[in-house]
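All values derive from a computational prediction rather than experimental measurement.
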Amino acid sequence: VPVPVLVLSAAPAAWLPALQLLRRGSKAVTRHWKAMHFQRQKLLALTEYVRPRPAVPPRCLPRRAPEGQQEDGYARVLRRQVEQTLRGSRMVAVCQYNSLPEEDVATLRHFLRRHNIHVHFVFNEVVRPVLAQSKYRNLLPLFVCRNILLVSPQAPAREMLRVLKGVPQVNLLGACIDDTILSRQGVENFARLPSLEASQGQTVAALSLLSSQTSSLLQRGPAHLTALLDQHIRRLRDTGAATEPPLGQSTGDH
């Protein structure tokens, strides 16, 4: 590295520059990077320690709640609202929700509310603990992404499918109707069933038909016997009238 050195000259005859550059001696660099031999690379790769894989992947294990962390009050309020919603609903449908404009969401809410179906946007972190402690625990595998709940105190499955048919961004995954877990195909089959009043009328008609058939079978024997007796009495009367002599004629000789 050049180092500036200040040199003072005493003799005026010879002129020297006031500033000169001197170079110090330095050691030569003897160590340079050198590629590792390929046999050594193979040996290191073969002898490298590989950790054994766990029997259950870590992503499949339940997350441990951090110790000492207090429960959020807002999450507790949301969980209580979900519990009240599930408690007073006869039909609970789980749908996969994709992004929709606000106008389309408002239109969907309006058409579903006309059939007494309400839309609830829920978080999986809030709804999962509630479902795990209720009768809807079998619906837990459906909550893997962004979901919405369609709840109703009745069971208008046919009207719900008709409305969702026009909204491809909302896909029905499953539902629980009258304490029965149904898939999408099961909901469609349930929607094809007749109404409760029609089913009751068909049941009453079938029961009355059986009773009328039984009554007719029981009355057929006595009615047939009565008809035979009437015909027999009629024949006896006809034969008795034919053998009796007419009035005004005597049966003896005069």
Point-to-point distance, once rounded to the nearest 0.5 Å, from [atom1] of [X] to [atom2] of [Y]:
X	Y	atom1	atom2	answer
Phe123	Arg146	CZ	CZ	8.0 Å
His120	Leu78	NE2	CG	12.0 Å
Gln219	Thr226	CD	OG1	11.0 Å
Lys42	Leu46	NZ	CG	9.0 Å
Asn171	Arg184	CG	CZ	7.0 Å

Would Met91 and Met160 satisfy side chain to side chain contact (heavy atoms under 4.5 Å, CB included), going step by step from the backbone distance to the final call?
-> CA-CA 11 Å; Met91 182 185 72; Met160 179 185 66; 3.9 Å; yes
Exam field: side chain [X] to backbone [Y], donor-acceptor pair closer than 3.5 Å:
X	Y	result
His37	Gln39	yes
Asp104	Leu100	no
Asn138	Ile181	no
Ser89	Pro153	no

Is it true that Phe190 and Leu172 fall in one hydrophobic cluster, defined by side-chain heavy atoms closer than 4.5 Å?
-> yes
Are Val163 and Phe121 joined in one hydrophobic group, where the rule is that I, L, V, M, F, W and Y side chains link up if heavy atoms are under 4.5 Å apart?
->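 Yes; tracing contacts between hydrophobic side chains, which count when under 4.5 Å, links both residues.
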Mark yes when over 12 heavy atoms from residues, nucleotides or ligands other than Arg192 sit less than 6.0 Å from its CZ; otherwise mark no.
->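 Yes, enclosed.
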Sub-4.5 Å side-chain heavy-atom contact between Cys176 and Leu182 | no
How would you list all residue pairs meeting side chain to side chain donor-acceptor pair (under 3.5 Å) that involve residues 126-137, not counting sequence neighbours?
-> Lys135-Asp179
Would Asn147 and Leu173 count as a side chain to side chain contact (heavy atoms under 4.5 Å, CB included) if you check the C-alpha gap in whole Å, the side-chain angles of each, and the deciding distance to 0.1 Å?
-> CA-CA 10 Å; Asn147 302 100; Leu173 301 179; 3.8 Å; yes
Any chance you could pull the hydrophobic cluster mates of Leu44, using side-chain heavy atoms under 4.5 angstrom and chaining through other members?
->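 Other cluster members: Met36.
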Option passing side-chain contact (heavy atoms from CB on, under 4.5 Å) with Cys95 (candidates Leu149, Leu164, Val167, Leu142) = Leu164
